[in-house]
Amino acid sequence: MALIEAALSAAAAASRPVLSSAAARRAVQLSSCAAYSAASGGDIEDSPPLPTPRRGSLLARFRDRRALAVTDITATEWCEKQMEFVLEHGKPERTEAMKAGSERHAQLEQEVIERVEVTIRSAEELWAVKFMNFILGANQLMLEGITREIPVIGVVEGSWMIGVVDELRMPPDGISVHPILVDTKTRYKPTVPSEAQKRNGRLQVMCYKYLWDNLISEKFPAENFFSYFDLDPGYLLSDDIKQYIRLLGLNAKTLEDVLKYFKVTCHTLPRSQEQLLLRYELQGDHSLLEEYQFSYDARWFKDQIQEALSFWQGAREPKFVSEEERWKCSFCKFANNCPINASTSRCC
């Protein structure tokens, strides 16, 4: 199938870049990019800059000119004190269970995505790759009915946030045009997750839905984006990246060119379904333990995000986990250093 370049003139503003089924599988794998790896209001382009994080806050100290990752939000919800320890002292060594989970996600991605290595030389090229991967994932979703590991970005309660959606799939009934957001979790033991784990998973998938739907329904705040991340929209992309983009049937020389394709793509995609899905697999044989479906709750989501941001923005001290969830402490690598442990013989 021939590749079609989207027309970006005003007369064809409703068009979006449409790639062949084969091209939609080729997502960029970053290489030589250690210096620019992502951490993983403001809905109009001419809006004022976003508020500057409070001096001395965790947001200013550890995410200056970077987006909060969705995993930052979920780790905060799990235990704020643990999140503070991670920021101050670094992440503990990954466990075998964590490694197995990452390997499973890589395996799931490889089932539908063909990775292509491209060397990244600047922050502008890193973002160009992220936008291209979104375009490819969106086209694969519309052409094949499924995509995985698609990046999403946006402003949530005044803060830039970025995440990578595990899976988007079109409904099997062939009638609904609204994709289903799916997140797959792996478990070491054949047990169903606790309510605390499900709550954390619900927050994660709701973050993805909010970011996806906002990209579809709102005008991307380009000027704020370039300003906040200190990016040059006219930055000339390397020959490697321009060649990769041409192979996909598109023509872009600058980051701003890629962003135009990204915005056009966003405006022609459907919003996601209100029903969201968490899948729990056993690590050993990938057998399904549970499929947990739940509805998006806008009020609950807003409250959770505001609570997490008040911690990141330095409005209050970090909280410890509740009494009924102290079992989390047995899995915490910072247990011996946690202040609550000194007074209760238990950790945060």
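All values reported here derive from a predicted model rather than from experimental measurement. Hydrogens, waters and symmetry mates are skipped; everything else that's a heavy atom, side chains included, is used.
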Any Ile216 side-chain heavy atom under 4.5 Å of His267 side chain | no

Verify, without hydrogens or angle tests, whether Arg187 (side chain) and Thr191 (backbone) share a donor-acceptor contact under 3.5 angstrom.
-> yes

Does Arg66 offer a backbone N or O that forms a donor-acceptor pair with the side chain of Tyr228 under 3.5 Å?
-> yes

Answer whether the closest heavy-atom distance between the side chains of Arg169 and Pro179 falls below 4.5 Å.
-> no

Which distance, rounded to the nearest 0.5 Å, do you find between the CD of Gln306 and the OG of Ser159?
-> 11.0 Å

So, the side chain of Asp183 versus the backbone of Leu278: is there a donor-acceptor pair under 3.5 Å, distance only?
-> no

Which value, rounded to the nearest 0.5 Å, describes the distance between Glu77 atom CD and Arg199 atom CZ?
-> 4.5 Å

With hydrophobic residues grouped by side-chain heavy-atom distances under 4.5 Å, do Val182 and Val205 end up in a single group?
-> no

Closest heavy-atom pair, Ile135 versus Thr265, reported as atoms and distance to 0.1 Å, is CG1-OG1, 3.7 Å

Under 3.5 Å, side chain of Glu88 to main-chain N/O of Glu84, donor-acceptor pair present?
-> no

Would you mind reporting whether Met161 and Ile73 have side-chain heavy atoms less than 4.5 Å apart?
-> yes

Under 3.5 Å, side chain of Tyr208 to main-chain N/O of Val152, donor-acceptor pair present?
-> no

Dump the intermediate steps for side chain to side chain contact (heavy atoms under 4.5 Å, CB included) on Tyr280 and Lys198, then the final yes or no.
-> CA-CA 10 Å; Tyr280 293 93; Lys198 285 185 176 181; 3.9 Å; yes

Closest non-hydrogen atom pair, Leu141 against Leu168 | CD1-O, 3.4 Å

Sub-3.5 Å donor-acceptor pair from the side chain of Arg148 to the main-chain atoms of Gly137, do we have one?
-> no

Would you call Leu248 and Leu136 a side-chain contact if the rule is heavy atoms closer than 4.5 Å?
-> yes

When you check the side-chain N and O atoms of Ser57 and Trp312, is any donor under 3.5 Å from an acceptor?
-> no

Under 3.5 Å: donor-acceptor pair, side chain of Glu274, backbone of Ser295 = no

Please state whether the rings of Phe262 and Phe220 are parallel, tilted or perpendicular, taking 30° and 60° as the class boundaries.
-> perpendicular

Does the pair Gln273 and Ser176 meet the rule for a side chain to side chain contact (heavy atoms under 4.5 Å, CB included), with working shown?
-> CA-CA 9 Å; Gln273 284 198 14; Ser176 174; 3.7 Å; yes

Heavy-atom closest contact (Gly154 atom, Leu211 atom, distance) = N-CD2, 3.5 Å

Would you check if Lys130 and Ile162 make a side-chain contact, meaning some heavy-atom pair closer than 4.5 Å?
-> yes

Of the non-hydrogen atoms in Val70 and Cys207, which two are nearest, and what is the gap between them?
-> CG1-CB, 3.8 Å

Connected via hydrophobic side-chain network under 4.5 Å: Phe85 and Trp327 = no

Start with the C-alpha gap between Arg316 and Glu307, add the side-chain angles, then the distance that decides, and say whether salt bridge (charged side-chain N to carboxylate O under 4.0 Å, His left out) holds.
-> CA-CA 10 Å; Arg316 58 175 176 78; Glu307 183 73 2; 3.4 Å; yes

Look only at the side chain of Asp257 and the backbone of Lys260, and say whether a donor-acceptor pair between them is shorter than 3.5 Å.
-> no

Within-4.5 Å side-chain heavy-atom neighbours: Glu218 and Val155 | no

Does a salt bridge link Glu281 with Lys185, judged by any charged N lying under 4.0 Å from a carboxylate O?
-> no

Provide the closest heavy-atom pair for Leu215 versus Ile153 in the form atom of the first, atom of the second, distance.
-> CD2-O, 3.2 Å

Atom pair CG/NE2 of Leu87 and His89 - distance to nearest 0.5 Å | 10.0 Å

Parallel, tilted or perpendicular: which fits the ring planes of Trp212 and Phe134, with parallel below 30° and perpendicular above 60°?
-> tilted

Lys209 (side chain) donor-acceptor with Tyr296 (main chain) under 3.5 angstrom | no

Intermediate values then yes/no, side chain to side chain contact (heavy atoms under 4.5 Å, CB included), Val258 and Leu237 | CA-CA 10 Å; Val258 175; Leu237 302 174; 3.9 Å; yes

Give a yes or no on whether Leu181 and Trp300 share a hydrophobic cluster (residues Ile, Leu, Val, Met, Phe, Trp, Tyr; joining criterion: side-chain heavy atoms under 4.5 Å apart).
-> yes

Just wondering, are more than 12 heavy atoms of other shown residues or ligands nearer than 6.0 Å to CG in Asp285?
-> yes

In terms of ring plane angle, is the pair Phe225 and Trp127 parallel, tilted or perpendicular, where the classes change at 30° and 60°?
-> perpendicular

Worked verdict on Phe131 versus Leu255 for side chain to side chain contact (heavy atoms under 4.5 Å, CB included) = CA-CA 9 Å; Phe131 290 137; Leu255 173 60; 4.2 Å; yes

Cation-pi, Tyr292 ring and Arg279 (6.0 angstrom, 45 degrees) | no

Hey, could you give me the CD/CE distance between Gln204 and Met206, rounded to the nearest 0.5 Å?
-> 12.0 Å

Same apolar cluster (I L V M F W Y, side chains within < 4.5 Å links), Leu58/Trp78 = no

So CG of Leu276 and CD1 of Ile180: to nearest 0.5 Å the spacing works out to 9.5 Å

Is there side-chain contact between Phe294 and Leu277, with at least one heavy-atom pair below 4.5 Å?
-> no

Minimum-distance pair of heavy atoms, taken over all atoms of Leu288 and Glu291 = CD2-CG, 3.6 Å

Say you draw a straight line from CZ of Phe229 to CZ of Arg65; how long is it, rounded to the nearest 0.5 Å?
-> 9.5 Å

Would you check if the side chain of Glu80 reaches a backbone N or O of Lys319 as a donor-acceptor pair within less than 3.5 Å?
-> yes

Taking C-beta and beyond as the side chain, do Leu259 and Pro233 meet within less than 4.5 Å on heavy atoms?
-> no

Hey, is Arg202 close enough to Glu195 for a salt bridge, meaning N to O under 4.0 Å?
-> yes

Side chains of Ser238 and Asp240, donor plus acceptor under 3.5 Å | no

